[in-house]
Each structure stands twice: as structure tokens, then as C-alpha cells.
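Quick notes on the structure that follows.
Heavy atoms only: backbone and side chains are in, while hydrogens, waters and symmetry mates are out. All residue numbers refer to positions in the sequence shown, counting from 1.
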Amino acid sequence: MSSLCKPGPVALFQAHVPFSFLRDLMPRTLDGQITMEKTPSYFVTREAPARISAMSKDTKLIVVVRDPVTRAISDYTQTLSKRPDIPTFESLTFKNRSTGLIDTSWSAIQIGIYAKHLEHWLRHFPLSQMLFVSGERLISDPAGELGRVQDFLGLKRIITDKHFYFNKTKGFPCLKKAEGSSKPHCLGKTKGRTHPDIDPEVVRRLREFYRPFNRKFYQMTGHDFGWDG
């Protein structure tokens, strides 16, 4: 998730660290500039909405979401790359596999219950100040999704299809050239990892688990992300 201010103070905080100290580390926002700060954990941190609202009620919020099942597997893949000895995805998913009880205390599962997290934000920010970006469409139509972002921020649509090419090795779009460089730019080697094979029955049970939460999220945001197919 990313939080944005136009213009004004930066939406930056961390538990147990004075906000004023962290804010002073950020560059100043000049007239006509937009200050951006991105920390994915904000969306699932209960204290974040109130703290950001207290800093600036005009903050615009951009939330990038993807299929929660794919997100959980991706989360696990990242952890596995750092800790190869962790238990299998299948064993971590269930409190009791024989009964099919999903372990919602596991962060990889809990983060994907988007409707629950969004409820906390809607107590402090109107939906009009939030933009929900599809992680899947960022891959299939990056220019289209970034067009929505530019519109949301009141910016001219400068980024278009001509700025991207599809990298077959990584499996997602890359910039044809980075700012100030003539060379193409892709995300680092930690992005685009091959996911481990997961028991299809576990994937099916996870989809059943997330389905009611997904549908509630669709209703709350007014957008069907198509994760229940």
C-alpha cells in the first residue's frame, strides 16, 4: 500500500518512533509537488489509519491488491527463499487439515482478508480518497492501471503503453528505459520468483475460504477484481 499527500506532510510513521522525527528525515514537498511514501504494512496495521488521518485528513491512499491466494503463496515463496527449512505451505495453511480449518493467525493468510483491513481505514478516510489498483492488471495492462493512478492524482496521462515491454523471463512488464538512462529497467531479482507447486486441494480450500471476504471487498470498493473464477 502506498500513501500520498498533495502537497503537504509525508504520511510516515512507525510504532514507538516519534512521527516528527521520521517526518524530518523526508524531503520537503514544494508547491505543485506530490510527496509519496510507500509501506505495504500500513494497510494491515490497525494504528495506521488514525495516525495518518491525524497527520493529514487530505492524504490520498493507493492500495495495490492481488488475488489473496496468489498473494499468500508469493508471501510464502519470499520467506522460503530466506528460510529454506520452514514447514510446507500446506502445513502452515491449516490449524487442522483434517477438518479444513484455515489458520488465520498466519500472516500470509491474514493479510489477504482485505475487507477486514479496509473497515479500519473507512473509519478515518472516505472511499473517494482511496484508489484500489489490481495487481493482475498491473501485469496484463500496466499502462491502463497507471492511467487510473494518474487520473486519481490529478496528473496528466504521460505514462502509456509505449513505456513498457513484457519480460518473458520474469513474467511481468518492465520499463523500456529508466529515468535518466537509456537502459531498460525491471524490478530486482527478488521479484518474479517461481512459486512452489501447491497441493490443488489446498488451493481450492483457500479459494473457498476467501470467497466471502472477496465479495465483501468488491461491495465495499465497488470493484470486482475477478478472483473467484
Item checked: Stepwise side chain to side chain contact (heavy atoms under 4.5 Å, CB included) test for Ile52 and Trp121 -> CA-CA 10 Å; Ile52 294 178; Trp121 287 91; 3.7 Å; yes

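- Annotation for Leu153 and Lys60: closest pair CA-NZ, 4.0 Å, computed over non-hydrogen atoms.
- Residue pairs that meet the ring pair (Phe, Tyr, Trp, His ring centres under 6.0 Å) test with at least one member in residues 48-89, sequence neighbours left out, are Tyr76-Phe89, Phe89-Trp106.
- Side-chain atoms of Ser134 come within 3.5 Å of backbone N or O of Arg137 as a donor-acceptor pair.
- For Ser128, the side-chain hydrogen bond (donor to acceptor under 3.5 Å, both in side chains) test picks out no residue, with sequence neighbours left out.
- There is no side-chain donor-acceptor pair under 3.5 Å between Tyr114 and Asn214.
- Residues satisfying the side chain to side chain contact (heavy atoms under 4.5 Å, CB included) criterion with Ser53, sequence neighbours excluded, are Lys57, His124, Phe125.
- Among residue pairs with one or both ends in residues 71-81, those qualifying as salt bridge (Lys or Arg N to Asp or Glu O under 4.0 Å) are Arg71-Asp75; sequence neighbours excluded.
- In terms of the side chain to side chain contact (heavy atoms under 4.5 Å, CB included) criterion, residue partners of Pro87 (sequence neighbours excluded) are, by chain and number, Ser91, Leu92.
- A salt bridge between Glu208 and Arg205 is absent, with no side-chain N of the basic residue lying under 4.0 Å from a carboxylate O of the acidic one.
- In this view, Ser105 and Asp103 satisfy the side chain to side chain contact (heavy atoms under 4.5 Å, CB included) rule, not counting sequence neighbours.
- Considering only heavy atoms from C-beta on, His120 stays 4.5 Å or farther from Thr45 through its side chain.
- Pairs of residues two or more places apart, or lying in two chains, that qualify as salt bridge (Lys or Arg N to Asp or Glu O under 4.0 Å) and include a residue from residues 155-165 are Asp151-Arg157.
- Heavy-atom minimum distance, Tyr210 versus Ile109: OH-O, 2.6 Å.
- Between Ile159 and Gln150, the closest heavy-atom pair is N-OE1, 3.2 Å.
- Counting heavy atoms of neighbouring residues, nucleotides and ligands inside a 6.0 Å radius, atom CG of Asp197 does not exceed 12 of them.
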Next item on the list: Could you check Phe213 against Trp227 for ring-ring contact (aromatic ring centres under 6.0 Å, His included), going step by step and ending with a plain yes or no?
Entry: CA-CA 11 Å; Phe213 297 109; Trp227 297 325; over 10 Å; no

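- Residues passing the side chain to side chain contact (heavy atoms under 4.5 Å, CB included) test with Asp199, sequence neighbours excluded: Glu90, Arg97, Glu201, Val202.
- Residue pairs meeting the ring pair (Phe, Tyr, Trp, His ring centres under 6.0 Å) criterion with at least one member in residues 48-70, sequence neighbours excluded, do not occur.
- At a threshold of 4.5 Å between non-hydrogen side-chain atoms, the residues Phe217 and Val65 count as touching.
- Sorted by first and then second residue, the pairs that involve residues 111-132 and meet salt bridge (Lys or Arg N to Asp or Glu O under 4.0 Å), not counting sequence neighbours, are Glu119-Lys216.
- In the hydrophobic clustering of ILVMFWY residues, with side-chain heavy atoms under 4.5 Å counting as a link, Phe164 and Val133 come out together.
- In this structure, the side chains of Tyr42 and Leu61 stay at 4.5 Å or more apart for every pair of heavy atoms.
- Follow the hydrophobic side-chain contacts under 4.5 Å out from Val69 and you never reach Ile139; the two are in separate clusters.
- Looking at heavy atoms from C-beta onward, Phe94 lies out of side-chain contact with Thr99 at the 4.5 angstrom threshold.
- Applying the side-chain hydrogen bond (donor to acceptor under 3.5 Å, both in side chains) test to Arg66 and every residue at least two apart in sequence or in another chain returns nothing.
- A distance of 4.0 Å separates CE in Met220 from CG in Leu118, rounded to the nearest 0.5 Å.
- Residues Gln110 and Thr104 come closest through the heavy atom pair CB-O, 3.2 Å.
- Residue Val203 is grouped with residue Leu80 when hydrophobic side chains (ILVMFWY) are merged at heavy-atom distances under 4.5 angstrom, including chains of intermediate members.
- Among all heavy-atom pairs drawn from Ala72 and Ala108, the shortest one is CB-O, 3.4 Å.
- Using a 4.5 Å cut-off on side-chain heavy atoms (C-beta onward), Pro68 and Ile113 make no contact.
- Between Arg215 and Asp224 there is no salt bridge, since no side-chain nitrogen of the basic residue lies less than 4.0 Å from a carboxylate oxygen of the acidic one.
- Distance alone, capped at 3.5 Å, places no donor-acceptor pair between the Ser74 side chain and the Thr70 backbone.
- Under the 4.5 Å side-chain contact rule for hydrophobic residues, Tyr218 and Val63 share a cluster.
- Both Leu155 and Ile62 are part of a single hydrophobic cluster, where members link through side-chain heavy atoms under 4.5 Å apart.
- Remark: His117 engages no residue in a side-chain hydrogen bond (donor to acceptor under 3.5 Å, both in side chains) (not counting sequence neighbours).
- A side chain to side chain contact (heavy atoms under 4.5 Å, CB included) with Val64 is found for one member of Leu138, Leu131, Val149 and no other, namely Leu138.
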